Amino acid sequence: MLEFQNITKIYESKKKQIVGVDNVSLTINKGDIFGIVGYSGAGKSSLLRCVNLLERPTSGKVLVDGVDLTQLSSSELRIARLKIGMIFQHFYLISQKTVGENIAFALRAAKTPKNRIEQRVNELLEMVGLTDKRDVYPGQLSGGQKQRVGIARALANNPSILLCDEATSALDPKTTLSILRLLKEINEKLGITIVLITHEMDVVKEICNRMAIMQDGRVVETGEVYDIFAEPKEPLTQEFIKSVVSFDIPNEILKDVKGQIIKILFKGEVAGEGVISDTMQRFNVKGNFLHGTIEYIQERPLGIFIMELQGEIAAVNEAKHYMEQRGAIVEVV
Ligand SMILES: Nc1ncnc2c1ncn2[C@@H]1O[C@H](COP(=O)(O)OP(=O)(O)OP(=O)(O)O)[C@@H](O)[C@H]1O
Ligand SMILES: [Mg+2]
């Protein structure tokens with residue numbers, strides 16, 4: 001388990017103070033793939049760098065499995081850091097070393113016995129699907145392959161936590177997906193907790209189970225990814241969700257709408273359309289679909305429909321009430 005307790009990070013520069021992280025408390029459970037989302041400057045990297053104390057928090061505690069890293073001596077911290085792997089947007093591979101040597105470098109830093117290094121390098125290369133690239137240089141690799149080397153290197157010393165700072169931001173969508181799948185596989189097979197920074201909600205939707213949204217150094221909302229996608233509370237969260245699930249209805253269509261426009265949400269079941277057709281049969285209302293989608297988040301469906309309901313006010317209200325009784329979340333738009 002990884003816990004941030006009242007973490008504040010203030011940068012001092014030329015008589016000016018910049019607040020990077022502002023009193024953040026957050027618990028990340030073992031085995032989570034935890035997404036941290038926010039615009040540029042929100043404090044995501046500052047917070048993440050506090051995990052392995054690449055950045056020392058100005059105040060607050062960072063607990064890894066109950067041990068406060070800020071209280072460790074430098075030699076204890078060096079050992080603790082080996083259990084925290086990290087990957088970056090720009091990979092940071094050593095260009096004069098081959099892929100295999102890049103990975104071996106991390107093993108040597110952890111004083112792995114010489115006779116075990118080669119076998120471990122091969123194991124890691126197999127894990128990330130780069131067995132045939134051991135002797136080539138980073139310059140000969142694609143971005144996705146470079147990130148795979150980054151992942152192999154980060155996993156070299158069997159970390160319990162993997163930190164990813166915009167690890168897919170330099171990659172095209174297809175390559176991004178393959179890296180995300182690899183991260184998920186690592187999380188499932190090795191039980192490694194992953195903390196992942198991104199500004200793309202698609203990334204969160206693809207692999208994270210829990211998330212936090214940051215703004216001005218603070219966490220404005222946190223919870224299960226599914227719940228946040230279903231019912232985002234804060235305006236900033238709603239804005240981020242809109243980037244993936246958006247329901248802009250053209251004015252051309254809106255101007256012909258006579259009835260009430262409602263948004264209907266079905267959580268965790270695809271029975272939504274059955275409920276809607278039952279409603280239309282039971283009550284004297286006419287429904288027109290304006291928009292609709294079923295999103296799959298963590299393989300759980302989330303149905304969202306925008307409809308126009310026409311009819312007497314009383315009938316429309318009864319219809320909405322009935323849908324709510326059947327488990328839908330109904331909202332007038
Ligand atoms: N080393 C530093 N010295 C001074 N200020 C810094 C330093 N690092 C970050 N900051 C400031 O702290 C705030 C948070 O920055 P941070 O890099 O954590 O944001 P971020 O959410 O990771 O942004 P991005 O999405 O652009 O990577 C910003 O105002 C930034 O300018
Ligand atoms: Mg950053």
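Read the numbers this way: they start at 1 and go in the same order the structure lists the ligands and their atoms. Scope of the values below: all heavy atoms of this structure, side chains included, with no hydrogens, waters or symmetry mates. Because the structure is predicted, anything quoted here is derived from the model rather than measured.
- Ligand 1 has Gly43 within reach: a non-hydrogen atom of the residue lies less than 4.0 Å from it.
- Atom 29 (O) of ligand 1 has as its closest protein heavy atom Ile18 CG2, 3.8 Å.
- Annotation for ligand 1: atoms under 4.0 Å from non-hydrogen atoms of Tyr39 are 21 (O).
- Side-chain atoms of Glu12 and Gln17 form a donor-acceptor pair, as typed in the model, at a separation below 3.5 Å.
- Atom 31 (O) of ligand 1 is never approached by the protein to below 4.0 angstrom, counting heavy atoms only.
- Counting protein heavy atoms only, atom 9 (C) of ligand 1 is closest to Tyr11 CE1, 3.4 Å.
- Other residues, nucleotides and ligands contribute over 12 non-hydrogen atoms within 6.0 Å of the CD atom of Glu123.
- Closest to atom 18 (O) of ligand 1 among all protein heavy atoms lies Ser46 OG, 2.6 Å.
- At the shortest separation from atom 17 (O) of ligand 1 among protein heavy atoms lies Ser45 CB, 3.9 Å.
- With values rounded to the nearest 0.5 angstrom, Glu206 atom CD is found 9.0 Å from Gln298 atom CD.
- When only non-hydrogen protein atoms are considered, atom 28 (C) of ligand 1 lies nearest to Gly41 O, 3.9 Å.
- The closest non-hydrogen atom to atom 26 (O) of ligand 1, taken over Ser40, Cys50, Ser13, comes from Ser40.
- In this structure, a donor-acceptor pair under 3.5 Å is absent between the side chains of Glu231 and Tyr226.
- Under the 4.5 Å side-chain contact rule for hydrophobic residues, Tyr322 and Phe305 share a cluster.
- Only one option out of Thr27, Leu2, Val225, Thr222 pairs with Phe34 in a side chain to side chain contact (heavy atoms under 4.5 Å, CB included); it is Thr222.
- The ligand atoms of ligand 1 that sit less than 4.0 angstrom from a heavy atom of Gly20 are 12 (O), 13 (C).
- In this structure, Glu308 contributes its side chain and Gly259 its backbone to a donor-acceptor pair below 3.5 Å.
- Residues Gln71 and Lys61 bring no donor and acceptor atom of their side chains to less than 3.5 Å of each other.
- No side-chain donor from either of Gln5 and Ser25 sits under 3.5 Å from a side-chain acceptor of the other.
- Counting backbone and side-chain atoms alike, Ser40 contributes no N/O/S atom closer than 2.8 Å to the Mg ion (ligand 2).
- The single protein non-hydrogen atom nearest to atom 25 (O) of ligand 1 is Lys44 NZ, 2.7 Å, given as residue, atom name and distance.
- Residue Ala42 places at least one N or O, backbone or side chain, under 3.5 Å from an N or O of ligand 1.
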